[in-house]
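All values reported here derive from a predicted model rather than from experimental measurement. Side chains included, hydrogens not; waters and symmetry mates left out as well; all remaining heavy atoms used.
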Amino acid sequence: MTSHDIAVIGGTGPQGKGLAYRWALHGHRIVLGSRAADRAESAAVEVRERMHGASVTGATNDDAVAGADVVVLAVPYDGHDALVSKLARALDGKIVISCVNPLGFDKQGPYGLPLEQSAAESAAALVPAARVVGAFHHVSAVSLWSDAAYLDHEDVLVCGDDAEAKAVVIELARSVTGRDGVDAGRLRLARQLEPLTAVLISINKRYKTRSGIAVSGLPT
Ligand SMILES: NC(=O)c1ccc[n+]([C@@H]2O[C@H](COP(=O)([O-])OP(=O)(O)OC[C@H]3O[C@@H](n4cnc5c(N)ncnc54)[C@H](OP(=O)(O)O)[C@@H]3O)[C@@H](O)[C@H]2O)c1
């Protein structure tokens, strides 16, 4: 497996930290990004405490992006566009993974926000030279942070328009599930993948579980 320098923007949150932990276990070098360097370093300490010898450090979001070949957007949808715009120049040419789910919650529960484009497409529109890939939308932070060696009952669905970038992310999914991510098509399909998380959250509530996605019928 190729080793990567991965920056996790919003890496102080559970999803960013969870992904960082999984990738650190597989020898990737991680910088957790935050709007505040001290918060990023505290999050990095948490990951290093779980995995001695992990290459995980903390930095401001801008500094984290600078040295990375892969950048993960793990921030809430609220504030996403402003943050991506701010980082735009630094993101040029990089593989950018978006796991952002634009969801709303009301009395009936979770739902996908009615948007003209997905969060992943927004990132691609804001930084046209970035190689944006949508993935890891359906993997729960709690599962990522768990002791399970692999989340081997789940698939990671990967969508994007840049075949080379998508191949990198498909391989990065191996650190999480133990097998390649599933090529789910073009980036515009993030419009379907992102709100699907609302369904999983609803299932989780009903069955008191942590549901995920597993695709049947794939060639072995
Ligand atoms: N949690 C899950 O199980 C899960 C699963 C799949 C996908 N996701 C998606 O992954 C993303 C991150 O989820 P999360 O639960 O880790 O989120 P979170 O804890 O709410 O936020 C992650 C980090 O983003 C930063 N942040 C918050 N508001 C921001 C703003 N307005 N501008 C810039 N940075 C901001 C904060 O870091 P600093 O304050 O340190 O900058 C925060 O620690 C979300 O889009 C979510 O939909 C989450």
Side-chain angles (χ1 to χ4, degrees), residues 1-11 15-33 47 54-57 59 61 63-75 80 84 87-101 118-139 141 143-144 150-152 154-190 192-194 212-213 215 218-219:
M1 193 188 292
T2 315
S3 167
H4 292 281
D5 291 292
I6 304 175
V8 184
I9 305 307
Q15 187 70 358
K17 240 175 0 192
L19 286 167
Y21 169 59
R22 293 286 156 180
W23 287 322
L25 280 173
H26 289 264
H28 299 288
R29 294 167 299 280
I30 316 291
V31 184
L32 296 179
V47 182
S55 175
V56 182
T57 55
N61 287 325
D63 288 347
V65 170
D69 60 306
V70 175
V71 179
V72 183
L73 300 173
V75 293
H80 165 275
V84 173
L87 296 173
R89 284 184 69 167
L91 293 174
D92 261 1
K94 308 221 171 188
I95 296 173
V96 175
I97 304 175
S98 173
C99 65
V100 175
N101 291 316
S118 61
E121 289 172 288
S122 294
L126 291 165
V127 196
R131 306 158 78 194
V132 179
V133 175
F136 304 104
H137 302 97
H138 311 124
V139 186
S143 300
L144 288 167
Y150 289 108
L151 311 183
D152 51 11
E154 298 191 32
D155 282 307
V156 172
L157 302 185
V158 182
C159 65
D161 294 337
D162 178 319
E164 213 178 271
K166 195 154 63 165
V168 167
V169 180
I170 283 172
E171 189 177 73
L172 282 172
R174 273 191 219 160
S175 307
V176 173
T177 61
R179 58 182 181 274
D180 280 356
V182 177
D183 185 341
R186 302 297 295 248
L187 191 67
R188 67 180 181 180
L189 292 179
Q192 278 68 47
L193 297 186
E194 292 172 5
I213 298 284
V215 179
L218 292 169

ask   = Taking only residues two or more places apart in sequence or in another chain, which ones pass side chain to side chain donor-acceptor pair (under 3.5 Å) with Arg179?
value = Asp155
note = Correct closest heavy-atom pair for Leu73 and Ala123 would be CD1-CB, 4.0 Å
ask   = For the atom pair CG (Leu32) and OH (Tyr21), what is the distance rounded to the nearest 0.5 Å?
value = 14.0 Å
request  = Please identify each residue that fulfils ring-ring contact (aromatic ring centres under 6.0 Å, His included) with His138, with sequence neighbours left out.
outcome  = none
inquiry  = Ignoring hydrogens, what is the shortest heavy-atom contact between Ala64 and Gly33? Give both atom names and the distance.
reply    = CB-CA, 4.0 Å
inquiry  = Determine whether a donor-acceptor pair (N or O, by modelled atom type, separation under 3.5 Å) exists between the side chain of Arg22 and the backbone of Val176.
reply    = no
remark   = Separation between CD1 (Ile9) and CG (Leu91), nearest 0.5 Å, reads 7.0 Å
query = Donor-acceptor pair, Lys166 side chain versus Gly185 backbone, under 3.5 Å?
reply = yes
request  = Kindly give the heavy-atom pair with the smallest separation between Val169 and Ala135, and that separation in Å.
outcome  = CG1-CB, 3.7 Å
Asp69 side chain to Asp5 backbone, donor-acceptor under 3.5 Å = yes
CG on Leu87 to NZ on Lys94, rounded to 0.5 Å = 10.5 Å
ask   = How close do Leu172 and Trp23 get, heavy atom to heavy atom, and via which atoms?
value = O-NE1, 3.1 Å
task = Check step by step if side chain to side chain contact (heavy atoms under 4.5 Å, CB included) holds for Leu187 and Val132.
result = CA-CA 8 Å; Leu187 191 67; Val132 179; 4.3 Å; yes
task = Could you point out which residue of Val72, Leu19, Val71 forms a side chain to side chain contact (heavy atoms under 4.5 Å, CB included) with Ile97?
result = Val72
inquiry  = Measuring from atom CG of Asp63 to atom OG1 of Thr57, what distance do you get when rounded to the nearest 0.5 angstrom?
reply    = 10.0 Å
ask   = Quick one: side chain to side chain donor-acceptor pair (under 3.5 Å) partners of Asp152, sequence neighbours excluded?
value = none
key: Pairs meeting criterion salt bridge (Lys or Arg N to Asp or Glu O under 4.0 Å) with involvement of residues 118-136, two or more places apart   = Glu121-Arg191, Arg131-Asp162, Arg131-Glu164
inquiry  = Between Asp180 and Arg174, does any side-chain N to carboxylate O distance fall below 4.0 Å?
reply    = yes
request  = Please examine the side chains of Cys159 and Leu193, heavy atoms only from C-beta on, and report whether any two atoms are closer than 4.5 Å.
outcome  = yes
key: Smallest separation among heavy atoms of Val75 and Gly10, with atom names   = CG1-CA, 3.7 Å
message = Could you work out, with side chain to side chain donor-acceptor pair (under 3.5 Å) as the rule, every residue matching Asp92, not counting sequence neighbours?
response = none
remark   = In this structure, OG of Ser175 is separated from CD1 of Ile6 (nearest 0.5 Å) by 7.5 Å
inquiry  = Looking at Val139, is its backbone amide N or carbonyl O close enough to the side chain of Gln15 to form a donor-acceptor pair, meaning the two atoms are under 3.5 Å apart?
reply    = yes
message = Ignoring hydrogens, what is the shortest heavy-atom contact between Val156 and Ala173? Give both atom names and the distance.
response = CB-CB, 3.8 Å
task = Using the six-membered ring wherever Trp is involved, compare the ring planes of His28 and His4 and label them parallel, tilted or perpendicular (cut-offs 30° and 60°).
result = parallel
key: Separation of Ile170 CD1 from Leu157 CG (nearest 0.5 Å)   = 10.5 Å
query = Under the salt bridge (Lys or Arg N to Asp or Glu O under 4.0 Å) test, which residues partner Glu154, sequence neighbours left out?
reply = none
